[in-house]
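Values in this document were obtained by computation on a predicted structure and should not be read as measured data. Note that ligands are numbered from 1 as they come in the structure, with each ligand's atoms numbered from 1 the same way.
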Amino acid sequence: MGLLERFNLLTDWLQRHQALWRQRPFTHLQLSWEQDWPALAQWLRQRSLADAEAAQLQPALLTDAPAPFAELAVEARALCSLPRWHGDLMQPLPELLHRHMPGRKWQQITRFSAVTSARMPASPQRWVDWCAGKGHLGRLLAWHSQCPVCCLEWDAALCDAGQQLSQQLQLPVQHLTADVMQLPLAQLQPEDAAVALHACGDLHRQLIEQVVAAGCAQLALSPCCYNRISAPQHQPISNAGRQAGLQLSRDELGLPLQQTATAGARERRQRDRSMAWRLACDLWQREARGIDAYLPTPSKPPGPPENLQQFCQAVANHHQLTLAAPPCWDALEQRGWRRLAEVRNLELVAGLFRRPLELWLVIERALYLQEAGYSVSLGEFCEAELTPRNLLLLATASPDQV
Ligand SMILES: C[S@@+](CC[C@H](N)C(=O)[O-])C[C@H]1O[C@@H](n2cnc3c(N)ncnc32)[C@H](O)[C@@H]1O
């Protein structure tokens, strides 16, 4: 299936089912789709927090959920099937190439580099590593290809640390301290191959536009954090994207990221407690104010609070409200935990739309490159357990462009 055809199918599917993914159970006590699918809502609401946790990475595996869950899961899977790309992982590599790097990050980098090197049609004259951090990816590419690399990164300390490592390995890597959002166009050259691993929203949009403007020969991009944009709404850049008319708020752009492959047990417990308190506080403020509407809680209430009562007080102070205490704080906390289980289970429905929405966003960018004459392919550079952000967009300029 071509990119445009898949994009149109995704647009239609996402629009048709938008009631199932736009509303967030966290901020709504009842979701509008629950009236249409009461058996599914009831089934999800009686499950435990542990049940939800077990299913959150792959909600599609809940085959015994009432309709329309399984049907939507099958449709989502069909719309999102992509090739899993592989490349030769060169071993052994010098320890300096992965010094100070967590194992998971290093595996992502080795796979990204192996797939990119295997699938890029020709060795570039220069690699440009976009938002490179210490330039681990750029250094590995330089090691494999012996081609020069330019790492762009705005944090001078990361550039210095990266430059030292590159020098120790005697690799032709230059670390430039630069804000890529203010980059002079001349930084990118037509002979360059630009690479970016996990570049956030505005940063990857800027990269794609700069690649097209400079006419770079090749691009390998794995995007991330689609909601890190300065605009309040998603801004399509392709003609097809503009025509699709799918409006996405910054909050909705966060949906593909609501999936945690990496949180440890302690981190999860802390996150759950914070969420249960927020939900308990939400119940309290609705009942005490007599207004059935969500009030945002500050992401880091001052304190930090030691119990639910202190937490609720901090939220009330933040909104300059004086609210009557609930009959029993412990009972309120229990209701918060129960609501958390319901929220997490109801979120599994929107979870079916995470990957389709992510793919829609990435294809929208891919179509911009295609409209500019690039040949574009999409695949997965590693398994989702290593990082759920495993999409890789490869683009090559057509011969008459270069
Ligand atoms: C998510 S990290 C990715 C780093 C690296 N590519 C990796 O995968 O390890 C994003 C990097 O972009 C850098 N960054 C953020 N905004 C930038 C900007 N406007 N110009 C240059 N670098 C930026 C950050 O300092 C950070 O090192």
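Note on R242 versus E371: no salt bridge recorded, every NZ/NE/NH1/NH2 to OD/OE distance being 4.0 Å or above. Using a cut-off of 4.0 Å between Lys/Arg side-chain N and Asp/Glu carboxylate O, R389 and E358 are scored as salt-bridged. Using a 4.0 Å cut-off between charged side-chain N and carboxylate O, D282 and R278 make no salt bridge. Electrostatic pairing of E75 and R16 does not count as a salt bridge here, judged by no charged N lying under 4.0 Å from a carboxylate O. Taking the charged nitrogens against the carboxylate oxygens, E191 and R126 have no contact shorter than 4.0 Å, which rules out a salt bridge.
Near G133, meaning under 4.0 Å from one of its heavy atoms, ligand 1 places the atoms 27 (O). Residue contact check: L158 has heavy atoms under 4.0 Å from atoms 27 (O) of ligand 1. Remark: ligand 1 atoms within the under-4.0 Å shell around heavy atoms of A178 are 20 (N), 21 (C). For ligand 1, the atoms closer than 4.0 angstrom to any heavy atom of L203 are 15 (C), 16 (N), 17 (C), 18 (C), 19 (N). Interface of H198 with ligand 1, defined as ligand atoms under 4.0 Å from a residue heavy atom, comprises 1 (C), 3 (C).
Between the side chains of D51 and S48, at least one donor N or O sits under 3.5 Å from an acceptor N or O.
Contacts between A196 and ligand 1 below 4.0 angstrom, taking non-hydrogen atoms only, are absent altogether.
Note that R273 lies in the cation-pi zone of W277, set by a 6.0 Å cut-off to the ring centre and a 45° limit from the axis.
Scanning all protein heavy atoms for the shortest distance to atom 19 (N) of ligand 1 gives D179 OD1, 2.8 Å. Residue, atom and distance of the protein heavy atom nearest to atom 13 (C) of ligand 1 are E153 OE1, 3.3 Å. Atom 14 (N) of ligand 1 has as its closest protein heavy atom W154 NE1, 3.5 Å. Here the protein heavy atom with the shortest distance to atom 20 (N) of ligand 1 is V180 N, 2.9 Å. For atom 8 (O) of ligand 1, the closest non-hydrogen atom of the protein is K105 NZ, 2.9 Å. Remark: minimum distance from atom 5 (C) of ligand 1 to any protein heavy atom is reached at C131 O, 3.6 Å.
Residues I237 and E364 are in side-chain contact: their nearest non-hydrogen atoms beyond the backbone lie under 4.5 Å apart. Annotation: side chain of L361 is not in contact with side chain of H204 (no heavy-atom distance under 4.5 Å).
For L197, a nitrogen or oxygen atom sits less than 3.5 Å from a nitrogen or oxygen atom of ligand 1, counting backbone and side chain alike.
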